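Reviewing the structure listed below.
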Amino acid sequence: MIHITLPDGSVKQVEKGTTALDVAKSISEGLARNVLAAKVNGQVIDATRPFDADATLQLLTWNDTEGKSTMWHSSAHLMAEALEFFYPGIKLAIGPPIANGFYYDVDFMEYSISEKDLEKIELKMKELAKEKNLFVRQEISKAEAIAYFTEKQDPYKIELLENLEDGNITFYTQGNFTDLCRGPHIPDTGFIKAVKLTAIAGAYWRGDEKNKQLTRIYGVTFPKQAELVEHLEKLEEAKRRDHRKLGKELELFTFSQKVGQGLPLWLPKGAALRERLENFLKRAQRKAGYDQVITPHIGSKELYVTSGHFAKYGADSFQPIGTPYEGEEFMLKPMNCPHHCEIYKSKPRSYKDLPVRFAEFGTVYRYEQSGELHGLTRVRGFTQDDAHIFCTQDQVKDEFKKVIDLVLYIFKTLKFENFKAQISLRDKENPTKYIGSDENWEKAENAIIEAAAEKDLPTVVEYGEAAFYGPKLDFMVQDALGREWQLGTIQVDYNLPERFELEYTGADNQKHRPVMIHRAPFGSMERFVAVLLEHCAGDFPLWLSTEQYAILPISENYNEYAEKLSELLNNYDIRGFVDDRNEKVGKKIRDAEMKKIPFMLVVGEKEAEGNLVSVRQRGAGDLGSMDVESFAEIVRKAIEEELSSNV
RNA sequence: GCCGGUGUAGCUCAGUUGGCCAGAGCAGCUGAUUUGUAAUCAGCUGGUCGGGGGUUCGAAUCCCUCCACCGGCUCCA
């Protein structure tokens with residue numbers, strides 16, 4: 001007899017050879033029907049594997065991330081079985097589970113496949129799922145495995161096998177399909193009740209663009225049809241919130257083929273929104289001791305040779321601009337830091353001056369591959385809310401904390417409640433990858449870790465993710481749909497101060513090298529606006545709305561009164577317009593709602609006579625009628641509340 | 001850049017066994033209506049069918065090529 005310890009601490013005494021599924025059955029049949037896999041001694045394995053010694057056991061169901069990924073992994077096998085049915089002779093590469101489903105990379109040989117084919121594959125998968133075929137695990141020698149795939153003429157599996165150790169190789173078989181696979185898998189295909197193949201795309205073998213491009217089919221499966229429906233609804237919602245769609249509808253930005261791809265054009269309303277965000281940040285930065293600077297959009301090629309960026313990125317950048325006669329070369333600036341370094345150097349600095357903080361909404365241009373461009377989140381020209389802090393090594397931690405405060409203030413004000421900070425540190429195994437002294441790195445990394453801890457940031461630490469010039473802290477926010485985006489960043493840089501020979505005079509009257517911190521709380525205005533748009537689905541907070549109210553006269557007879565009101569509200573610094581079109585008020589309300597205007601002010605005879613406005617708030621409905629001062633007070637209070645989230 | 005898909009009016013979309021002047025709704029304009037909390041009615045304007053080339057008596061529709069966009073891959077100072 002052996003002992004199996006469950007998560008609640010209870011211990012089951014069972015025969016050797018008992019499986020996790022048996023244990024589940026002994027608890028309840030219902031549970032057993034939901035068990036997808038088992039976590040035994042911390043390792044996820046098939047629920048059908050027999051125990052041969054004492055162990056801890058956690059039964060994994062659809063409610064566990066590992067349960068889901070096990071099912072999706074099995075779904076990839078199921079899809080492969082269906083694919084082999086329709087397209088015999090195809091070569092299979094890899095088919096893993098991913099965050100939201102699974103995919104399989106397939107070399108379709110002479111077959112061609114398009115989205116139209118997905119439906120029949122789904123049907124076949126459902127048909128095979130109904131057969132409740134068991135996933136059978138089989139240990140196999142490397143030689144036998146290679147022989148199997150040689151027979152099957154699958155070069156990808158053979159390549160995978162070549163990198164595997166003999167004695168550690170397993171096959172899994174369900175129905176008519178056998179695959180090289182480490183496992184684990186769900187007990188049988190019957191758990192898969194709902195199937196949706198979502199996309200078909202190209203993907204390189206082993207992610208290397210020098211390799212052959214395979215066809216990747218993405219899919220997702222569920223244990224219940226209802227969950228698939230829910231999933232599809234979520235996708236619809238994401239589509240509805242897509243910043244490209246909202247940006248067009250709300251007339252915020254556009255693109256022109258003639259101007260060039262990836263070069264956003266900000267329309268009046270978008271520009272007003274952006275200006276408001278910039279002013280918001282400028283105000284906060286002024287308070288935090290930043291000095292605003294302005295630098296040109298191009299810089300001499302020498303500048304980037306000095307910074308080292310030309311050597312690293314020059315070939316993949318917009319190419320230098322030449323002057324007509326002298327043959328001088330200038331680059332479109334891909335970042336602002338070299339310019340800011342030169343500002344630092346414009347006069348001698350003393351330790352008493354530090355930290356120096358130069359801020360600039362700096363527009364930069366980077367060549368992105370055409371297939372990479374995406375709405376406002378990936379463009380070729382964008383504006384960073386950039387700043388560079390020049391300080392002593394001892395000031396790094398404090399400066400980090402101040403920047404973290406700034407970022408938190410922004411997140412709080414704009415209601416990004418779910419976020420995390422990723423701390424990217426060195427890969428210590430690979431010291432030659434980094435510049436700067438070990439001692440300074442150690443200090444900087446600790447400073448970041450401590451700063452994050454003291455600010456109670458939810459953090460994940462990634463080793464080996466640091467830039468070659470210094471460690472960094474990136475903020476990832478979740479939008480309303482739980483999708484993750486990288487926004488703000490804070491980076492320590494030992495490289496540029498060295499290359500630009502920056503110095504300050506210390507208390508010891510000796511020259512010292514300052515540390516540089518790059519930081520951008522929004523990241524870029526383009527990306528931030530995109531994420532904000534999706535986060536709030538276009539319903540901007542009042543203080544950010546370009547049009548805070550629309551005055552809707554009942555008929556043309558009240559247009560004059562409406563104009564008078566509008567002037568009055570202008571005196572209160574409340575922005576809006578009069579909808580004096582010859583339309584019924586219902587139509588005007590509808591249009592104002594579609595334009596996401598926070599307040600609609602209906603005026604007719606009653607209001608004109610009593611010097612009142614009838615206020616209707618987006619989302620909240622009719623607030624009744626009141627005088628202008630009361631309305632202005634409502635607006636003032638609402639904005640104060642929105643902006644008061646001091647950290 | 002690569003693989004796959006898409007491209008018809010300002011917007012959303014019909015229109016492919018190749019065939020009469022290419023359609024609708026919304027937006028816009030004109031007129032009527034003078035309106036009370038999510039679409040008043042009527043008329044009108046508007047299209048090199050993404051660009052170029054080809055096949056054909058005839059091309060939005062078939063072929064070639066280029067461009068842009070969408071979904072991925074690779075990349076991201």
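Chain letters run A, B, ... following the sequence lines, proteins first and then strands; every chain starts at 1. Values below: every heavy atom of this structure, side chains too, minus hydrogens, waters and symmetry copies. Model, not experiment: these values are computed from the prediction.
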(message) Ring centroids only, cut at 6.0 angstrom: are Y111(A) and Y87(A) within range, meaning strictly under it?
(response) yes

(message) Which nucleotide wins on minimum distance to the side chain of Y313(A), given the candidates A77(B), A38(B), G36(B)?
(response) A77(B)

(request) Under 4.0 Å between any heavy atoms, over every strand shown, what does G207(A) touch: base, sugar-phosphate, or nothing? Just pick one. (result) sugar-phosphate

(message) Using atom C1' in both nucleotides, what's the gap between G25(B) and A14(B) to the nearest angstrom?
(response) 11 Å

(request) Report which part of the nucleic acid Y218(A) touches: base, sugar-phosphate, or nothing (heavy-atom distance under 4.0 Å, all strands). (result) sugar-phosphate

(request) Tell me, yes or no, whether the heavy-atom count around K196(A) atom NZ, taken from other residues, nucleotides or ligands under 6.0 Å, exceeds 12. (result) no

(request) Please state the C1' separation for the pair C49(B) and G18(B) - nearest whole angstrom. (result) 15 Å

(request) Would you indicate what E115(A) reaches in the nucleic acid, counting non-hydrogen atoms under 4.0 angstrom: base, sugar-phosphate, or nothing? (result) nothing

(message) Let's see if you can work this out: which of C67(B), A77(B), G28(B) has an atom nearest to the side-chain heavy atoms of R581(A)?
(response) G28(B)

(message) Taking any heavy-atom pair under 4.0 Å as a contact, classify E249(A): base, sugar-phosphate, or nothing.
(response) nothing

(message) Given Y218(A), which partner from the list W72(A), Y103(A), Y104(A) fulfils the ring pair (Phe, Tyr, Trp, His ring centres under 6.0 Å) test?
(response) Y103(A)

(request) Just compare C11(B), A77(B), U37(B) and give me whichever is closest to any side-chain atom of V585(A). (result) U37(B)

(request) Ignoring the backbone of Q257(A), work out which of C67(B), A77(B), G1(B) is nearest its side chain. (result) C67(B)

(message) Considering every strand and a 4.0 Å limit on heavy-atom distances, what is the contact class for R616(A): base, sugar-phosphate, or nothing?
(response) base

(request) Please list every stem that involves RNA chain B, where a stem is a run of 3 or more consecutive Watson-Crick or G-U wobble pairs with both pairing distances under 3.5 Å. (result) B:1-7 with B:67-73, B:10-13 with B:23-26, B:28-32 with B:40-44, B:50-54 with B:62-66

(message) Please report the distance separating the P of G19(B) from the corresponding atom of C26(B), rounded so that it comes out in whole Å.
(response) 29 Å

(request) Could you tell me whether R244(A) contacts a base, only the sugar-phosphate backbone, or nothing, with contacts defined as non-hydrogen atoms closer than 4.0 Å? (result) sugar-phosphate

(message) Aromatic contact between F522(A) and F528(A), with the criterion being ring centroids under 6.0 Å apart: yes or no?
(response) yes

(request) Using the C1' atom as the reference point in each nucleotide, state the distance between G53(B) and G15(B) in Å, no decimals. (result) 25 Å

(message) Heavy atoms only, 4.0 Å cut-off, all strands: where does K606(A) land among base, sugar-phosphate and nothing?
(response) base

(message) So if I take residues 263-273 of chain A and measure heavy-atom distances to RNA chain B, which residues fall below 4.0 Å?
(response) none

(message) How many whole angstroms separate atom NZ of K595(A) from atom C1' of A39(B)?
(response) 15 Å

(message) Within the 4.0 Å heavy-atom criterion, would you say S614(A) contacts the bases, only the backbone, or no part of the nucleic acid?
(response) base

(request) Could you work out the separation of A42(B) and G1(B) based on their P atoms and round it to a whole Å? (result) 50 Å

(message) Considering every strand and a 4.0 Å limit on heavy-atom distances, what is the contact class for K584(A): base, sugar-phosphate, or nothing?
(response) base

(message) Could you tell me how far C76(B) sits from G52(B) if I compare only their P atoms? Round to whole Å.
(response) 39 Å

(request) With K210(A) as the cation and Y204(A) as the aromatic partner, state whether NZ or CZ is under 6.0 Å from the six-membered ring centre and within 45° of the axis. (result) no

(request) Check each residue of residues 194-201 of chain A for a non-hydrogen atom within less than 4.0 Å of any atom in RNA chain B, then write out the ones that pass by number, or none. (result) A199(A), I200(A), A201(A)

(request) Tell me which nucleotide among U37(B), G71(B), C75(B) gets nearest to the side chain of D622(A). (result) U37(B)

(request) Using the P atoms only, state how far U16(B) lies from G7(B), rounded to an integer number of Å. (result) 13 Å

(request) Using the C1' atom as the reference point in each nucleotide, state the distance between C3(B) and U8(B) in Å, no decimals. (result) 27 Å

